[in-house]
Amino acid sequence: MEIKPNPCCHYCEDKNHVCKHGKSRSGMVRYLCKACNRSFQTTYIYQGNEADIHRLIQKLLAEGKSNVDIAGQLGIKLNVISRHICMLANESER
Ligand SMILES: [Zn+2]
């Protein structure tokens with residue numbers, strides 16, 4: 001069994017109140033954030049072009065760009081950037 005650290009919440013980015021919350025119909029593990037009481041699944045970012053955005057953000061961060069620069073360059077909202085940064089942090093903890 002693979003043990004992963006709990007991810008941070010996609011909505012409020014809280015890390016300390018996130019727990020497993022069963023599975024979705026497609027078999028993905030779902031998480032529930034007790035801080036904002038919302039559930040989410042971590043794998044959804046790898047569907048569609050979000051995986052590309054995720055990689056682009058990772059690349060631009062590595063180049064020393066700020067969140068605001070990246071948001072402007074990619075034309076996406078700042079809170080989306082911070083969500084991806086949050087997920088990158090989760091990935092590096094593995
Ligand atoms: Zn939350």
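No experiment lies behind these values; they were computed from the predicted model shown. When reading the values below, keep in mind they use all heavy atoms of this one structure, side chains included, and skip hydrogens, waters and symmetry mates. When a ligand or atom number is given, it counts from 1 through the structure's own listing order. When a residue number appears, it is its place in the shown sequence, counting from 1.
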Step-by-step side chain to side chain contact (heavy atoms under 4.5 Å, CB included) determination, D69 to L60
CA-CA 9 Å; D69 288 339; L60 292 169; over 6 Å; no
Could you go step by step and tell me if C9 and F40 meet the side chain to side chain contact (heavy atoms under 4.5 Å, CB included) rule?
CA-CA 8 Å; C9 177; F40 60 92; 4.1 Å; yes
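Ring geometry for H54 versus H84: interplanar angle of 30 to 60°, hence tilted.
In the hydrophobic cluster analysis, where Ile, Leu, Val, Met, Phe, Trp and Tyr join through side-chain heavy atoms closer than 4.5 angstrom, L88 is grouped together with L74.
Protein atoms of type N, O or S found under 2.8 Å from the Zn ion (ligand 1) total 4.
Considering only residues two or more places apart in sequence or on other chains, H17 meets the side-chain hydrogen bond (donor to acceptor under 3.5 Å, both in side chains) condition with D14.
I70 has its side chain within reach of L61: a pair of non-hydrogen atoms, C-beta onward, lies under 4.5 Å apart.
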